[in-house]
Amino acid sequence: MTDVLLFNAPVEQPRGSAHAGLHPPLGLGYIAAVLRDAGYSVSARDLNVTGLNPQLIRRVVSRESPAMVGISAHTETYPNGLEIADLTEAEAPTAAVVMGGPHASVTYEQTAVEPAVDYVVRGEGEYAMRDLASVLVGRDDNDQDELVAEIEEVPGLAYVSADGNVVATPERPMIENPDELPWPARDLFPLELYEKPGNVLFSRGGCPFSCHFCAVNSIWVDRARRFRDPEAVAQEVEHLLVDHGLRQINFADDTFTLRRDAVLELTDRLEAIEAPFPWDWTCSTRVDLVDRELLERLADAGCSGIQFGVEAGSQEILDATGKNITLDQAREAVSGAAAFGMDVLASFMFPHPDDTESSIRQQAEFMKEIRELGADISIAFTTPYPGTAYAEMTAESDLEVAADDWNEYDAKHLIMSTRNLSFPELEELFEELVRDVGLKKRVTA
């Protein structure tokens, strides 16, 4: 019998997806490690590796007979997460089903009332799952009043009470020192099957910026970003290189260079690692948080690739997104990174709420310019994820959303119109952009 069984809900087509199966799920890895340290037995399945196989799920649940089943899901994978919950309930009706992840955190009131979901974890899951396990695992009494009283004392949960109302326990304080957490339990996942198994977090938490298309600050409500000790990060990197034989590390932070002093200290630590073979690392950040000096330092310390979220090619549209960057900053960041030999990826979105024919054509021209400066280009369809300002706009304005289910929120389909352009007009303009820019694929996420 396993105390806690964890599932990572998969995208619709894991093997054919551009973004499924790239990295092990660090969130579940951290939760598993914390549960283990607390003395619980834990197993995990990343279904982005196998796909959503009902027979496999039933067999695993039946064999392991867990007291708790935790399911992590993004918006796109939320429907599959609910199917996992249904399968679990049918196979192990006494197991407590817990849903977590970005989508459930933002939509906890809707998620909590799903028939097969017993509890929702809002925000950080490590200590919430540990504390919930302390109440549920090994419990053999039928005192419901006592159970309810103990659950009410676990911060960061949502659930349906006996009278049918959704109860949200108090907010859980954010983990102030990320280094108090053990390293993720990567041994629970088949690292050899991931395209990029060496993902590492340098920091965790919210974001000081307010991009209208991002939901991060609806999940990390205090907005603060908490950085790990660079020496501890370097030790984890060295462990992945030496003990696992990995040759590339990917820093999973959306904004790796948010704190310049911490990044510079980390580069010193990374450069001092003595691996038995050559290795390199990649990261993502904003164009306004790098300069030539910093980019040179990253490259000297082994950074081989960097991604910049540019998002739009018209300054007017960029200003309207809340991104708070300029086209000139994008030019300087891309040209600087390319000059120091990094592989540069500039990511764009299509469309934005205020886009017009003119602004979309400006974006096409700017994408070509950025490519000439040395960047590869990716483009994703803008998606009004729950918790974003864009989602609020679709509810309050004349923006139309053409999606029948959450699994269409995958950034690979045009599901949002603009204030100025209809879906047919946007389809035509997108095909024009793809031809003009010379993109190899219609869309990449």
Side-chain angles (χ1 to χ4, degrees), residues 2-11 25 27-28 31-32 35 42-47 52 54 57-58 60-62 64-137 139 144 147-148 150-172 215 218-219 385-387 405-407 409:
T2 300
D3 293 328
V4 184
L5 171 60
L6 302 173
F7 285 110
N8 190 34
V11 296
L28 286 186
I31 289 171
L35 286 168
V42 186
S43 64
R45 298 293 187 280
D46 182 1
L47 299 183
L52 186 71
I57 294 168
R58 291 191 192 98
V60 169
V61 172
S62 176
E64 304 203 8
S65 187
M68 288 173 56
V69 173
I71 303 167
S72 178
H74 296 272
T75 299
E76 175 189 359
T77 64
Y78 179 68
N80 280 343
L82 292 180
E83 185 169 349
I84 297 167
D86 289 338
L87 291 166
T88 297
E89 183 185 47
E91 196 66 37
T94 62
V97 176
V98 187
M99 186 77 80
H103 186 87
S105 293
V106 175
T107 67
Y108 68 88
E109 292 180 302
Q110 292 77 33
T111 302
V113 299
E114 292 290 344
V117 175
D118 297 305
Y119 304 98
V120 178
V121 168
R122 302 166 8 241
E124 287 181 301
E126 290 88 354
Y127 293 156
M129 287 291 286
R130 179 201 63 189
D131 294 350
L132 188 57
S134 72
V135 176
L136 298 177
V137 173
R139 192 180 194 95
Q144 288 300 305
L147 172 63
V148 169
E150 292 182 32
I151 292 295
E152 288 176 347
E153 296 299 315
V154 179
L157 299 181
Y159 58 92
V160 177
S161 64
D163 59 9
N165 294 318
V166 174
V167 175
T169 62
E171 295 285 345
R172 176 173 290 272
S218 294
I219 301 166
Y385 292 108
D405 205 343
W406 290 119
N407 59 23
Y409 281 61

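Computation of the quantities below employed the complete heavy-atom set of this structure, encompassing side-chain atoms and omitting hydrogens, waters and symmetry-equivalent molecules. Keep in mind it's a predicted model, so treat the numbers as computed, not measured.
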Do [X] and [Y] have side-chain heavy atoms sitting under 4.5 Å apart?
| X | Y | value |
| --- | --- | --- |
| Leu6 | Ile31 | yes |
| Ile151 | Leu132 | yes |
| Val160 | Val117 | no |
| Thr2 | Val42 | no |
| Val106 | Tyr385 | no |
| Tyr119 | Met129 | no |
| Leu47 | Ile57 | yes |
| Ile84 | Leu52 | yes |

Quick one: does any side-chain atom of [X] pair with a main-chain N or O of [Y] as donor and acceptor, under 3.5 Å?
| X | Y | value |
| --- | --- | --- |
| Thr107 | Thr111 | no |
| Asp118 | Val98 | no |
| Thr169 | Gly156 | yes |
| Arg122 | Leu157 | yes |

Which pair of non-hydrogen atoms, one from [X] and one from [Y], has the smallest distance, and what is that distance?
| X | Y | answer |
| --- | --- | --- |
| Pro25 | Asp46 | CD-OD2, 3.4 Å |
| Pro79 | Asn407 | CG-N, 3.7 Å |
| Ser105 | Gly123 | OG-N, 2.9 Å |
| Arg130 | Leu35 | CA-CD2, 3.7 Å |
| Pro155 | Ala128 | O-CB, 4.2 Å |
| Gly125 | Val121 | CA-CG1, 3.8 Å |

Response to the item:
So OG1 of Thr77 and CG of Leu82: to nearest 0.5 Å the spacing works out to 9.5 Å
Worksheet item: Nearest 0.5 Å, what's the OG-CG distance between Ser72 and Asn8?
Response: 5.5 Å
Fill in: Name of the residue among Arg172, Glu153, Glu150, Glu126 meeting side-chain contact (heavy atoms from CB on, under 4.5 Å) with Asp131
Arg172
Worksheet item: For residues 80-97, which residue pairs qualify under side-chain hydrogen bond (donor to acceptor under 3.5 Å, both in side chains), counting only residues two or more places apart or in two chains?
Response: Glu12-Asn80
Worksheet item: When the ring planes of His103 and Tyr78 are compared, do they come out parallel, tilted or perpendicular, using 30° and 60° as the limits?
Response: tilted
